[in-house]
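Read the numbers this way: they start at 1 and go in the same order the structure lists the ligands and their atoms. All residue numbers in this chain count up from 1 along the given sequence.
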Amino acid sequence: MEVVIVPDAAAGGELIAEAMAALLRRKPDALLGVATGSTPVPIYEALAAKVASGAVDASRARVCQLDEYVGLPSGHPESYRSVVLRQVVEPLGLSTGSFMGPDGTADDLLAACEAYDRSLAEAGGVDIQLLGIGTDGHIGFNEPCSSLASRTRIKTLTEQTRVDNARFFDGDIEQVPHHVITQGIGTILEARHLVLLATGEGKAEAVAQTVEGPVAAVVPASALQLHRHATVVVDEAAASKLKLAPYFRATYAAKPAWQGL
Ligand code: GLP
């Protein structure tokens, strides 16, 4: 995988937004897999700015969700559907018809999981999948020891993830659902390009294990090592535990600018 160390979160957002813009220039109806959480917000802001300035036309872009809480009422402001509509679909001026996600309110959740996995494939597959990383190394909501071959399915959140995400629910862990639907690791690995952004010291250990540790289900993000086009963008703080940081810096500095991510 390629590791790119950037000075700060804004620089990471700009770099990834430019990669998305380049994708949309060569494939205007690209399927953009988006992630939630605080980390990707600078990406969405930078991409929306490019659209507003006319640097890229995103009008034919399609957007898909990575994961969703189970049981939040439809329209709940912290459901990932609402978050993606607010942070991505609306700022890019897209219609809700160009957006798909798993249905966390379905009566038959198992069928909803299978249907979502199928609809991603029927849509031609994800062109670029953005990922954040949990402090425990999860991607999407694939908690430690998720099968590396897993498909979209229901997962139970760890206590750590519920604690981490309580800040989106007035700091009240009781409001954080226990269950979620997430694209499986096997599903995520089918995207054509995986781009993981991690910022802040709190992610440094998970990043080091992802990049320099063995491929292991206990660190779900380490599955990126199996992908032929995976990019890990980290700020200085999140890179602080990477032993190979000097090598990653030198490699990226020597890369021709036209290559992009
Ligand atoms: C949630 C999401 C992940 C995200 C993670 C980290 O668990 N399901 O997709 O990567 O949070 O979020 P943050 O970027 O806010 O640290």
Side-chain angles (χ1 to χ4, degrees), residues 6 8-10 12-13 16-17 32-46 63-72 76-84 86-88 101-102 104 113 116 120 126 128-146 150 152-171 173 175-185 187-189 191 194-207 209-211 219-224 230-235 237-239:
V6 292
D8 52 32
I16 297 170
L32 312 175
V34 297
T36 48
S38 321
T39 310
V41 171
I43 307 173
Y44 306 142
E45 290 175 351
V63 173
C64 63
Q65 259 172 265
L66 183 58
D67 47 9
E68 182 57 280
Y69 290 111
V70 165
L72 290 182
H76 188 290
E78 293 307 326
S79 76
Y80 282 172
R81 180 178 171 82
S82 298
V83 172
V84 173
R86 203 161 59 229
Q87 294 184 348
V88 184
C113 293
Y116 189 54
L120 291 173
V126 178
I128 187 169
Q129 178 63 58
L130 305 183
L131 298 166
I133 186 168
T135 53
D136 60 3
H138 74 240
I139 48 174
F141 270 133
N142 292 283
E143 296 286 28
C145 294
S146 288
S150 49
T152 302
R153 69 211 185 292
I154 300 164
K155 287 292 287 182
T156 304
L157 295 182
T158 62
E159 189 68 5
Q160 180 63 55
T161 298
R162 293 183 65 240
V163 168
D164 288 348
N165 288 2
R167 68 188 193 282
F168 297 111
F169 294 85
D170 305 320
I173 190 172
Q175 291 183 41
V176 184
H178 285 272
H179 296 105
V180 292
I181 295 178
T182 182
Q183 285 189 33
I185 297 175
T187 315
I188 292 170
L189 290 175
L194 299 179
V195 180
L196 186 150
L197 176 63
T199 53
E201 208 180 334
K203 301 291 173 68
E205 185 57 41
V207 166
Q209 289 187 29
T210 295
V211 173
V219 183
S222 67
L224 267 68
T231 309
V232 175
V233 179
V234 283
D235 69 357

**OP:** Decide yes or no for Lys203 and Asp235: does some side-chain heavy atom of the first lie under 4.5 Å from some side-chain heavy atom of the second?
**Re:**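 SC-SC contact between Lys203 and Asp235 ruled out.
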
Original post:
Are the side chains of Ser146 and His138 in touch, meaning some heavy atoms are under 4.5 Å apart?
Top reply: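 Result no, sub-4.5 Å side-chain heavy-atom pair not found.
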
Return the closest protein heavy atom for [atom] as residue, atom name and distance.
atom: atom 6 (C) of ligand 1; result: Ile133 O, 3.6 Å
atom: atom 16 (O) of ligand 1; result: Lys203 NZ, 2.6 Å
atom: atom 5 (C) of ligand 1; result: His138 NE2, 3.8 Å
atom: atom 1 (C) of ligand 1; result: Tyr80 OH, 3.5 Å
atom: atom 4 (C) of ligand 1; result: Thr36 O, 3.8 Å

Selection from [options] by shortest heavy-atom distance to [atom]:
atom: atom 8 (N) of ligand 1; options: Val41, Asp67, Leu130; result: Asp67
atom: atom 11 (O) of ligand 1; options: Leu157, Asn165, Val34, Leu131; result: Asn165
atom: atom 3 (C) of ligand 1; options: Ala221, Ala198, Gly140; result: Gly140

**OP:** Could you pull out all residues at least two apart from Ala191 that satisfy side chain to side chain contact (heavy atoms under 4.5 Å, CB included)?
**Re:**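 By the side chain to side chain contact (heavy atoms under 4.5 Å, CB included) rule, Ala191 matches Val126, Gln129, Leu194.
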
Subject >> Geometric class of the His76/Phe169 ring pair [parallel <30°, tilted 30-60°, perpendicular >60°] >> reply: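 Taking His76 first and then Phe169, their aromatic rings sit tilted (interplane angle of 30° to 60°).
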
**OP:** List for me each residue that meets side chain to side chain donor-acceptor pair (under 3.5 Å) alongside Thr210, sequence neighbours excluded, and say none if there are none.
**Re:**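 Scan of Thr210 (side chain to side chain donor-acceptor pair (under 3.5 Å), adjacent residues dropped) gives none.
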
**OP:** Determine, using heavy atoms of Glu143 and all atoms of ligand 1, whether some pair is separated by less than 4.0 Å.
**Re:**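 No, Glu143 has no heavy atom closer than 4.0 Å to ligand 1.
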
